[in-house]
Amino acid sequence: MEDSRLKALADIFVNYSLEVKKGEHILIRADEPEALPLMEEIYIKILEKGGYPLIRIKPEIFDYLLAKHASKKQIENFLDTEIYELNKVQGRIKICAPKNPKMMANVDSGKLALVQKKLGMYRKYLDKVKWLLFYYPTEGLAQQMEMSLKETENFIFKACLKDWRKETEKMKKIKKFFDGGKIVRIKGNETDIAFSIEGRKGELSGGKHNMPGGEAYYAPIENSINGQIFFEGSRSYEGKAMKDIFLEFKNGRITKIKAESGQDFLTYLTKIDRGAARIGEFGIGCNYDLNRITNETLFDEKIGGTIHLALGDRVNFDGKNRSILHFDIVKDLRKEGKIYLDGKLVQEKGKFIFL
């Protein structure tokens, strides 16, 4: 794809998201060669800043082959070289360019859990450097999002090509409002759930780590979550699909799980470790240029008018819940949904009342 928008995107990545400085070593990693046009633009921008770009392409088929054929010992050690490399750079840009989003669908759940455990350890090292995650428009992604490739390109660029400093200032109003509150309650279709965020300060996704950005997120008080929530539609985790998820909570832990499909796998996920059956994140979508559910969490969790809860690991350092799992599940509130803060209605059908 030859597109002037790639140059603009690369400029945001290098000069805003990572703020690359002279002399810094930056790893540019992609799943597939389809992302090369963007990688080239990023490479040029880093050189212009006086930095040292390092290129890596690792097709997604190798993650499948690892989970399918490797022994437990091999899986436990498969990231050692990448961790060594990560310790030598100051920043990392990961470009997902999926050919087949369902590739891992039939991988044994136990093997997949081992891979995720190792990736969870990798995140510990990733947090020591500047990093950014982006999904490049491919035919595979377009099929997942149920769009044409051209529609997918336009959808992604519209959501990403923004003045993220201004967008962050807008989101600060939402964060400030919720920072001053205690009890969040969400009501909607088969949904009435409440939890405390008292003393927990929110953080913003303003294009620094995820692109697109557009999210305010909190770590709820771990034992405060009570009620039920219904997530309409399809969701997936590592290519394994689940549909119409219903969860019930008591004192912070899941007490009931139902799903039209994928219930066994979802139940398995919540038993991976002690923290997997708790909520580590409450997120509020703030990007109103994202206007449709795509079945890709990086986009859906940012949609203005949605919220999401993540099973498992804490989302920021305020949280205490730890797990190798971090599974964001998005709920669309735009048709029928309300958010209350300390008993006062603050959002209805996806629109904030206080803004």
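Reckoned from all heavy atoms, side chains included, excluding hydrogens, waters and symmetry mates.
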Do we see a donor-acceptor contact under 3.5 Å between the side chains of [X] and [Y]?
X	Y	result
D300	T294	yes
N100	E60	no
H69	Q74	no
T306	D332	no

Do [Y] and [X] meet the salt-bridge criterion of a basic N to acidic O distance under 4.0 Å?
X	Y	answer
R92	E85	no
K73	E76	no
R278	E222	no

Among E19, H209, E24, which residue meets the side-chain hydrogen bond (donor to acceptor under 3.5 Å, both in side chains) test with K130?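 Going through the options one by one, the only one that passes is E24.
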What residue among E336, E232, K331 forms side-chain hydrogen bond (donor to acceptor under 3.5 Å, both in side chains) with N189?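 Of the listed options, the one satisfying the test is E232.
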If the plane angle is over 60° it's perpendicular, under 30° parallel, otherwise tilted; pick one for F134 and F13.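 Ring orientation, 0 to 90° scale: perpendicular.
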Tell me whether V330 shares a hydrophobic cluster with L309, the cluster being built from Ile, Leu, Val, Met, Phe, Trp, Tyr side chains joined at under 4.5 Å.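 In one cluster: no.
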In the single-linkage hydrophobic clustering (I, L, V, M, F, W, Y; side-chain heavy atoms under 4.5 Å), do F246 and Y237 co-cluster?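 Per the 4.5 Å side-chain linkage, F246 and Y237 are not co-clustered.
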Take I95 and M39, measure what side-chain contact (heavy atoms from CB on, under 4.5 Å) needs, and give me the verdict at the end. CA-CA 9 Å; I95 304 171; M39 297 177 80; 3.9 Å; yes
Carefully, step by step, assess Y218 and D318 under the rule side chain to side chain donor-acceptor pair (under 3.5 Å). CA-CA 8 Å; Y218 291 79; D318 273 348; over 6 Å; no
